[in-house]
There are 2 protein chains.
Amino acid sequence: MSRKISSTGIERLALYYRYLTSVNGSEEAFISSEKLAKAVEHTAAQVRRDLSCFGTFGTPGRGYNRAALEAKLSGILGKEKCRNVVLVGVGNLGSALLAYKGFQSQCYTIVAAFDNDTRKIGKHLKGLEIQDIRKLSAVVSQTRAKMAIISVPADAAQGVVDALILAGIQGILNFAPTRVVVPEDIMLQHVDFSIKLDRLCYELEHA
Amino acid sequence: MSRKISSTGIERLALYYRYLTSVNGSEEAFISSEKLAKAVEHTAAQVRRDLSCFGTFGTPGRGYNRAALEAKLSGILGKEKCRNVVLVGVGNLGSALLAYKGFQSQCYTIVAAFDNDTRKIGKHLKGLEIQDIRKLSAVVSQTRAKMAIISVPADAAQGVVDALILAGIQGILNFAPTRVVVPEDIMLQHVDFSIKLDRLCYELEHA
DNA sequence: ACCTTATCGTGACAGATGTCACAAGCAGGG
DNA sequence: CCCTGCTTGTGACATCTGTCACGATAAGGT
Ligand SMILES: NC(=O)c1ccc[n+]([C@@H]2O[C@H](COP(=O)([O-])OP(=O)(O)OC[C@H]3O[C@@H](n4cnc5c(N)ncnc54)[C@H](O)[C@@H]3O)[C@@H](O)[C@H]2O)c1
Ligand SMILES: NC(=O)c1ccc[n+]([C@@H]2O[C@H](COP(=O)([O-])OP(=O)(O)OC[C@H]3O[C@@H](n4cnc5c(N)ncnc54)[C@H](O)[C@@H]3O)[C@@H](O)[C@H]2O)c1
């Protein structure tokens, strides 16, 4: 309970959680920081430090109770409360995201998809109707979604973000390769492939 | 020249570069750290510090020469030498990546695509033939590609990574939601959407 | 009841990263 | 030619993040 979690620590918590949920059954009831660390490629001390930020629920000599830890992590991450997600921009990437079953297994469900291309609106994809972006506000309040994923072209991103915020969205995952500005109380994360490629490139160069 | 660049600093350099290349023409010949910082949402001091790690090429009172800075950044990131990239796993996500024009504009070209599904092998997508994964080694040496992107299912990731390394690939961008192990001299980057969603979720919870 | 063994939780340290503030330096005008 | 104004580059400082080492503690056997 001693220290505030670091910002990358939060992503490690998510990794721990994913590891726990991925190994299904037929496992020991307890897992040590050492084993957990191995599984996600970090150090045992790091794991303990991260977890200790949220109380003390390991038992010396045994490790952490898997089920309890899983539940605790789910609570910390707040996964129960954020299941519904909306998607804006059903192009190449958006379609892949809609098809992705990995979100499901992590408790997230894309409950609505939007676009502004009249040729796409009304079509069905993976059991979801692509809706007119102008219905955003109504659908967001109806589904009570708090998070949105945007995969629209870079120059449309800021406009879409503004609309999402007006509609009541509080957290946005942005795939467009551009920085957007949001009020302080809105959470924003970027996923930026080409920056990662650049970084890889740099590291190759300066090996 | 005073300090080593931080690891996140490298990603900022890539952002600076992208900003410079995105604003085309009709701009002042010089740009100040202040303006550059605004454009990528960082501080001016941060920009200067990052750039100063690679020598001194700003002029007091004026700022940085755009063209020179762009060239310098390209050199630092090593973009000239890493244009050819191969892709493994042409599913939902892989297809979107193949279609993505943004890599092109950042100097990267996907020169070959591989899969192990016999129904996909031989098909053409965006002017590229999907090839048998068993031809990996031959094609990699022929194209002299140093980087690879993998978008295969999580349980196939490690195998594919091993094959890529055998084939001579030195940097890998991994989209599979799993940690893979590589020798120390191989560079690896993960792009992990659902972890980012989890993080968003956490931040919503603990606003 | 006590001892052994394994593992946790955490204070103290080390290292990495970011911020501030200001002397130094170039450009352009009078 | 010097003065003014702006912007850089960087030492010193502050903060954040990760590592180490070890005392504390629970479980299980003897
Ligand atoms: N395709 C990839 O692999 C990839 C990779 C990295 C980043 N990205 C980024 O993701 C974003 C989407 O990429 P894509 O390849 O799917 O592009 P795309 O052009 O295929 O899809 C964009 C979609 O957004 C819709 N759209 C445009 N403006 C809109 C608006 N104002 N409101 C609602 N919908 C709108 C378009 O109709 C289209 O369906 C882009 O910013 C791209 O740079 C894509
Ligand atoms: N689709 C998404 O939006 C999305 C989002 C996040 C992460 N991911 C991850 O990206 C990866 C790909 O996702 P997807 O939706 O495209 O899956 P997919 O099943 O549509 O595509 C996977 C492709 O990989 C091929 N493949 C399987 N094993 C292979 C092997 N050993 N060698 C070569 N090719 C092989 C398959 O034939 C298939 O074409 C997965 O790990 C997924 O978890 C996808």
Side-chain angles (χ1 to χ4, degrees), chain A residues 1-16 20 27-70 72-73 76 179 195 199 202-203 206, chain B residues 1-16 20 27-70 72-73 76 179 195 199 202-203 206:
Chain A
M1 200 71 90
S2 57
R3 204 200 289 211
K4 228 191 79 196
I5 186 87
S6 70
S7 92
T8 45
I10 297 158
E11 299 196 2
R12 284 192 297 271
L13 292 179
L15 277 180
Y16 306 152
L20 289 175
E27 289 280 345
E28 305 272 338
F30 282 76
I31 184 169
S32 67
S33 56
E34 177 107 23
K35 270 195 189 156
L36 188 45
K38 282 259 170 58
V40 297
E41 300 207 89
H42 287 280
T43 67
Q46 182 75 78
V47 169
R48 292 200 297 276
R49 171 73 73 188
D50 288 339
L51 296 179
S52 78
C53 297
F54 297 93
T56 141
F57 38 95
T59 55
R62 310 272 282 135
Y64 299 89
N65 178 296
R66 291 186 106 102
L69 182 55
E70 191 179 315
K72 184 83 182 179
L73 285 172
I76 293 169
R179 305 286 122 171
I195 295 293
R199 177 157 178 190
Y202 172 89
E203 284 170 0
H206 306 74
Chain B
M1 202 70 95
S2 57
R3 205 199 288 211
K4 226 190 83 198
I5 184 87
S6 70
S7 94
T8 45
I10 297 158
E11 300 196 1
R12 283 191 299 271
L13 292 179
L15 275 181
Y16 306 152
L20 289 175
E27 289 279 345
E28 304 271 338
F30 281 75
I31 184 169
S32 67
S33 57
E34 177 105 23
K35 269 195 191 155
L36 188 44
K38 281 260 170 57
V40 296
E41 300 206 90
H42 287 281
T43 68
Q46 182 75 79
V47 169
R48 293 200 298 276
R49 172 72 75 187
D50 287 340
L51 296 179
S52 78
C53 297
F54 297 93
T56 140
F57 38 95
T59 54
R62 310 273 283 135
Y64 299 89
N65 178 295
R66 292 187 105 101
L69 182 55
E70 191 178 316
K72 184 85 183 179
L73 285 172
I76 293 169
R179 305 285 122 171
I195 295 294
R199 177 157 177 189
Y202 172 89
E203 284 171 358
H206 306 74

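Naming convention: chains lettered A, B, ... in sequence-line order (proteins, then strands); numbering from 1 in each chain.
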Integer-rounded Å distance: [N] [atom2] and [X] [atom1]:
X	N	atom1	atom2	result
B:Arg3	D:dC13	CZ	P	14 Å
A:Glu28	C:dT7	CD	C1'	15 Å
B:Arg48	C:dT17	CZ	P	20 Å
A:Glu41	D:dT19	CD	P	13 Å
B:Lys72	D:dG9	NZ	P	11 Å
B:Asn65	C:dC26	CG	P	16 Å
A:Ile5	D:dC16	CD1	C1'	13 Å
A:Leu69	C:dT7	CG	C1'	14 Å

- [ ] For side chain to side chain contact (heavy atoms under 4.5 Å, CB included), just list the numbers for A:Tyr202 and B:Ile5, CA-CA rounded to whole Å, side-chain angles, deciding distance to a tenth of an Å, and then say yes or no.
- [x] CA-CA 12 Å; A:Tyr202 172 89; B:Ile5 184 87; 3.5 Å; yes

Would you say [N] has OP1 or OP2 under 4.0 Å from some side-chain N or O of [X]?
X	N	value
B:Ser32	D:dC6	no
B:Tyr64	C:dC26	no
A:Thr59	D:dA26	no
A:Ser33	C:dC8	yes

Open item on the list: On DNA chain D, does the nearest nucleotide to A:Gly61 precede the nearest nucleotide to A:Ser6 from the 5' side, or the other way round? Give the residue.
Closed with: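 Its nearest nucleotide being more 5', the pick is A:Ser6.
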
Task: Toward the 5' end of DNA chain C, by each residue's nearest nucleotide, A:Pro60 or A:Ser52 - done: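 It is A:Pro60 whose nearest nucleotide is closer to the 5' end.
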
Suppose we call a contact any N or O donor and acceptor under 3.5 Å apart; does that hold for the side chain of [X] and the base of [N]?
X	N	value
A:Arg49	C:dG11	yes
B:Arg12	C:dG18	no
B:Arg62	D:dG5	no

Open item on the list: Tell me if the CD atom of B:Glu11 is crowded by more than 12 foreign heavy atoms within 6.0 Å.
Closed with: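 Atom CD in B:Glu11 is crowded, with more than 12 foreign heavy atoms closer than 6.0 Å.
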
Open item on the list: Using a heavy-atom cut-off of 4.0 Å across all strands, would you classify B:Phe57 as base, sugar-phosphate, or nothing?
Closed with: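 Sugar-phosphate, no base atom in range.
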
Open item on the list: Can you tell me which nucleotide in C:dT19, C:dT17, D:dT17 comes closest to the side chain of B:Gln46?
Closed with: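 Among C:dT19, C:dT17, D:dT17, the one nearest the side chain of B:Gln46 is C:dT19.
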
TODO: Could you tell me whether B:Glu70 and B:Arg66 have a side-chain N and a carboxylate O separated by less than 4.0 Å?
DONE: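 B:Arg66 and B:Glu70: not salt-bridged.
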
TODO: Using the side chain to side chain donor-acceptor pair (under 3.5 Å) rule, pick out the option among B:Arg49, B:Gln46, B:His42, B:Arg48 that qualifies with B:Ser33.
DONE: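 Output: one option passes, namely B:Arg48.
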
